[in-house]
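Reading through the structure tokens given below for one structure.
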Number of protein chains: 2
Amino acid sequence: MATIRDVAARAGVSVATVSRVLNGNGYVNKETARRVRQVIQELNYRPNMVARGLANRKTGTLAVILPDIKNPFFSELARAVEDTARAGGFTVIFCNSDDLGPREKSYIEVLRQKYIDGIIIASNTLEEEDVAYINDNDIPLVVLDRGPGDGSCAVFRAKNADGAKKAVRHLIDTGCRKVAHIAGPEALVTARERLKGYREVAGAFSWFDESLIEPGHFSVEGGKGAVRRLLERHPDVDGIFAGNDLMAIGALKALQRMGIKVPDQVSICGFDGVEMTEWTEPELTTIAQPIYEMGAKATHYLIDRVRGRAEPKAVVELDVRLIQRGTTRRGTD
Amino acid sequence: MATIRDVAARAGVSVATVSRVLNGNGYVNKETARRVRQVIQELNYRPNMVARGLANRKTGTLAVILPDIKNPFFSELARAVEDTARAGGFTVIFCNSDDLGPREKSYIEVLRQKYIDGIIIASNTLEEEDVAYINDNDIPLVVLDRGPGDGSCAVFRAKNADGAKKAVRHLIDTGCRKVAHIAGPEALVTARERLKGYREVAGAFSWFDESLIEPGHFSVEGGKGAVRRLLERHPDVDGIFAGNDLMAIGALKALQRMGIKVPDQVSICGFDGVEMTEWTEPELTTIAQPIYEMGAKATHYLIDRVRGRAEPKAVVELDVRLIQRGTTRRGTD
DNA sequence: CTGAAAGCGCTAACAA
DNA sequence: TTGTTAGCGCTTTCAG
């Protein structure tokens with residue numbers, strides 16, 4: 001492969017000059033520049049990014065750490081990140097953390113050794129010290145969903161509590177008289193926020209009871225189990241707000257298995273708005289987060305920071321919206 | 001951050017010696033080594049991977065190019081690749097190609113400039129010249145599903161035609177009297193192989209007709225449309241073999257929408273065995289590819305090649321297996 | 001067994 | 001405007 005030296009030699013200039021035309025900085029005579037570009041073409045020269053990285057401490061690579069790429073929510077997010085990164089001339093490294101703190105830490109360490117330009121992380125185990133470490137090493141960071149309390153880094157998240165309220169209100173507006181909640185893991189802020197939203201709206205009704213809240217682990221299986229336990233305790237539940245779409249799908253499945261009609265006997269509303277919610281029959285009503293937009297915005301922001309524009313801190317809360325579909329009754333209009 | 005120089009100075013040895021203990025090659029006095037390691041601890045020194053990469057032409061990074069990470073088949077594959085890479089001390093760059101040839105080419109170019117150690121690609125547009133280019137640059141390559149005719153690189157794939165035959169036979173064994181096929185894009189080898197398998201088995205029956213084959217574009221929407229057109233032409237179809245699970249899900253959905261009972265009136269069998277097939281009601285019968293295993297094996301092989309073990313060529317065909325579930329009737333046993 | 005020194009390919013002062 | 005040169009941090013001959 002041709003190196004910058006080859007180009008310089010063939011163009012009869014120094015490597016510095018070639019570097020200048022390559023990076024478009026410093027003064028270069030028009031004609032000289034033309035000649036250099038010409039040679040670059042002839043030799044089909046491409047700068048070596050590793051050498052450049054060593055010299056610059058910039059590698060044109062971003063990293064995204066997320067719990068599990070198989071989770072449709074995260075794969076949609078990942079897609080948004082990669083698209084945006086590509087458009088900006090960056091390449092991206094993916095890391096599955098399974099929400100394991102030590103794994104995240106070890107990734108962060110490796111990424112630092114590799115001079116990664118910036119990190120996007122969707123984590124619930126990230127600690128303040130990790131953020132501090134990343135900041136100390138001057139690695140731009142953006143956190144999805146969760147930000148350390150002190151606002152020491154940028155955060156992008158959806159309005160979770162707000163969405164939950166919308167969900168419960170919608171269920172009630174469409175005729176439900178007793179709405180239960182299948183909750184995500186307490187360890188996750190997003191799950192807690194959604195639970196909070198549920199409590200806020202449902203708590204005002206006389207039928208409300210703490211036992212209407214059942215954990216479902218954010219998984220399809222969890223959703224199935226939760227709905228069974230719930231109906232055993234409260235056979236009269238006629239509305240279910242699931243903390244995410246996977247659990248909603250599990251709930252739908254379990255209900256169908258039990259011979260309970262959705263939405264005639266029980267309505268369901270999920271949360272997230274992953275594509276899959278259109279694949280069930282009936283299709284799932286859900287509170288849609290702007291997943292792609294969230295990934296794209298986070299990445300744009302990160303790139304801006306890498307390039308030295310943009311503040312190191314920022315908190316962006318994205319709006320969610322109700323998508324009414326088959327698992328809830330038509331509005332009483 | 002501490003550099004190898006700092007370590008050398010503090011340990012009172014040369015950088016060469018530190019490098020030797022770091023890489024465990026060359027002779028190093030036991031005691032000297034101990035001291036060096038001690039200092040490494042004290043300084044919490046971590047080698048700079050970029051510098052190492054420049055010197056070695058090895059970056060500890062693999063890349064995987066696939067059509068779309070949002071497709072559950074590929075996200076499961078991606079997960080397998082990342083897990084295996086991590087276990088081997090590698091980091092992985094993901095690229096979404098959308099099966100666009102030019103995009104793949106530009107990725108390959110960038111990856112070369114970044115001294116990526118090896119590439120895994122699931123592509124249907126990869127041309128012989130691309131493979132040649134990669135080979136010329138000594139980048140280990142493994143192809144999933146499709147290999148260029150001349151066997152110029154390693155290929156990992158499932159037994160597609162074989163699986164298709166299993167599917168059709170299963171449908172017939174469980175009582176279907178007229179089995180249609182929703183086919184994937186002709187451009188894709190996997191789709192062609194599955195179609196071939198279908199033809200081979202179905203073609204032997206008197207009811208067989210070319211118009212029982214309908215394209216469904218490997219997508220949920222495509223599956224829906226295909227099933228509608230199919231039933232219009234052949235109202236007596238009672239078995240559907242979909243070329244992949246997404247189309248099978250679409251088919252199931254469309255049938256349910258039309259009020260047709262699955263599997264009582266029409267049976268369905270998919271292909272791939274993605275997790276989602278357990279999320280429908282009834283659950284989907286499918287021909288499962290060992291997706292995770294395929295990704296893991298491909299990655300293991302790639303890593304072996306990067307390390308200089310393993311032959312540059314290899315063709316591995318993995319077995320598929322029928323998973324019978326709710327969308328086909330119980331066997332007539 | 002250890003060290004000096006020449007790269008790997010590019011960037012960025014500093015001179016000219 | 002352009003060239004010289006000293007790094008960036010690590011590996012690897014080649015001597016000793």
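So you know, we letter chains A, B, ... as the sequences are listed, proteins then strands, and number each from 1. All figures in this text were calculated on a predicted structure; none of them were measured in a lab. Values reported hereafter were calculated over all heavy atoms of this structure, with side chains retained and with hydrogens, waters and symmetry mates removed.
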**Complete:** To the nearest angstrom, the NZ-P distance between A:Lys58 and D:dC8 comes to 16 Å

**Request:** Taking only the side-chain nitrogens and oxygens of A:Arg52, find out if one of them lies under 4.0 Å from OP1 or OP2 of C:dG9.
**Result:** no

**Prompt:** When the distance from CZ of B:Arg5 to P of D:dC8 is rounded to whole Å, what number comes out?
**Reply:** 8 Å

**Request:** Using whole Å, report how far CD1 of A:Ile40 lies from P of C:dC10.
**Result:** 10 Å

**Message:** Under 3.5 Å, is there a donor on one side chain and an acceptor on the other for B:Asn56 and B:Tyr115?
**Reply:** no

**Request:** Identify whether any heavy atom of B:Ser19 sits under 4.0 Å from a base atom; if not, whether one sits that close to sugar-phosphate; answer base, sugar-phosphate or nothing.
**Result:** base

**Asked** Do other residues, nucleotides or ligands put more than 12 heavy atoms under 6.0 Å from the CD atom of A:Gln41?
**Response** no

**Message:** With a 4.0 Å cutoff (strictly under), does any side-chain N or O of B:Tyr45 reach OP1 or OP2 of D:dC10?
**Reply:** yes

**Message:** Test your reading of the model: is there a side-chain donor-acceptor pair from B:Ser19 to the backbone of B:Val15, 3.5 Å cut-off?
**Reply:** no

**Asked** Hey, what do you get for CZ (B:Arg112) to CE (A:Met1), rounding to the nearest 0.5 Å?
**Response** 4.5 Å

**Asked** How close or far is atom P of D:dG9 from atom CZ of B:Arg57, stated in whole angstroms?
**Response** 20 Å

**Complete:** Here the distance between atom P of D:dC8 and atom CE of B:Met49, to the nearest Å, is 20 Å

**Prompt:** Which nucleotide in the set C:dT2, D:dT12, C:dC10 lies at the smallest distance from any side-chain heavy atom of B:Asn56?
**Reply:** D:dT12

**Request:** Provide, to the nearest angstrom, the distance between the CZ atom belonging to A:Arg35 and the C1' atom belonging to D:dG3.
**Result:** 14 Å

**Side-chain donor/acceptor contact of B:Arg20 with base of C:dG3 under 3.5 Å** = yes

**Message:** Please pick, from C:dA5, D:dG3, C:dG9, the nucleotide with the shortest atom-to-atom distance to any side-chain atom of B:Val15.
**Reply:** C:dA5

**Item:** Rounded distance (nearest 0.5 Å) linking atom OG1 of B:Thr299 with atom CD1 of B:Ile120
**Value:** 3.5 Å

**Item:** B:Ser14 side chain, from C-beta outward: closest of D:dC8, C:dG3, D:dT1
**Value:** C:dG3

**Item:** Integer-rounded Å distance: C:dC8 P and A:Met1 CE
**Value:** 16 Å

**Asked** Within less than 4.0 Å of OP1 or OP2 of C:dC10, is there a side-chain N or O belonging to B:Tyr115?
**Response** no

**Request:** Tell me what A:Val13 touches on the nucleic acid: a base, only sugar-phosphate, or nothing, going by heavy atoms under 4.0 Å.
**Result:** sugar-phosphate

**Request:** Calculate the interatomic distance between A:Ile4 atom CD1 and D:dT4 atom C1'; express it in whole Å.
**Result:** 14 Å

**Fill in**
On DNA chain C, more 5' by nearest nucleotide between B:Leu54 and B:Thr32 is B:Thr32

**Fill in**
Considering only heavy side-chain atoms of B:Ala16, the closest of C:dT2, C:dC10, C:dG3 is C:dG3

